[in-house]
Amino acid sequence: MNKIAVFASGNGSNFEALVKAQNNFEAEVSLLIVNKPNAYVIERAKKLGIEFIVLDSNNYESREKYEGALISILEDKGIEYILLAGFMRILTSVIINKFEHRIINIHPSLLPRYPGVAAIKQAFEAGDKETGVTIHYVDQGLDTGEIILQEKVKIEENDTLETLTKRIHELEHKLYPEAVKVVLDKE
Ligand code: GRF
């Protein structure tokens with residue numbers, strides 16, 4: 001059974017969705033890596049009974065050293081796939097080369113539109129008629145890797161940023177487990 005680590009920095013709703021959907025794919029979410037000591041995702045891990053490790057990047061003098069520490073944890077735990085779910089930190093080639101084609105990210109836009117932060121807000125404020133969710137492999141660019149799954153969300157006339165955000169998150173929670181299954185089925 002493949003072992004998965006989820007990396008998160010904040011709320012963790014996608015982490016929870018992945019844990020709850022894991023019976024649908026041939027892998028087990030066995031570890032949560034958090035880089036922010038106060039992140040709410042830690043409470044979710046406790047409730048769900050998933051092991052978590054807080055690795056605060058502020059305690060490392062370089063990105064490379066931080067990722068070196070991450071890699072030893074992941075190797076020690078036998079992790080094969082990394083799922084980024086609201087992990088607010090860009091990864092370098094140190095970890096990307098080690099886990100080539102085995103790091104996946106979720107992004108709340110129709111990439112290549114609106115990479116980076118505040119993607120839902122940017123689509124909303126631009127007056128776009130649609131936006132969406134993209135799950136992609138991670139490469140060294142910002143939200144540029146090969147797309148695994150992408151699905152659209154219509155922006156309605158009466159949408160507010162809040163109603164649109166809610167629909168995007170609902171779609172994320174459905175689509176991320178589906179994308180993981182697509183990746184694992186290719187093995
Ligand atoms: C999601 O919108 C995801 O697409 C983006 O960060 C957000 C994380 O939300 N990368 P959550 O922490 O999973 O609730």
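The residues of the chain are indexed from 1 along the displayed sequence. Ligands are counted one by one from 1 in listed order, and the atoms in each one are counted from 1 as well.
- In the displayed structure, Lys174 atom NZ is contacted under 6.0 Å by more than 12 heavy atoms of other residues, nucleotides or ligands.
- A donor-acceptor pair shorter than 3.5 Å can be found between the side chains of Glu146 and His101.
- Sorted by first and then second residue, the pairs that involve residues 41-93 and meet ring-ring contact (aromatic ring centres under 6.0 Å, His included), not counting sequence neighbours, are Phe7-Phe87, Tyr60-Tyr66.
- Across all non-hydrogen atoms, the minimal contact from Ser109 to Thr134 is O-OG1, 2.6 Å.
- Although no hydrogens or angles enter the test, the distance criterion places no donor-acceptor pair under 3.5 Å between the side chain of Thr144 and the main chain of Gln140.
- Pocket lining of ligand 1, defined as residues with a non-hydrogen atom under 4.0 Å away: Asn11, Gly12, Ser13, Asn14, Gly86, Ile106, His107, Pro108, His169, Glu172.
- Side-chain atoms of Asp56 and Asn35 include no donor-acceptor pair closer than 3.5 Å.
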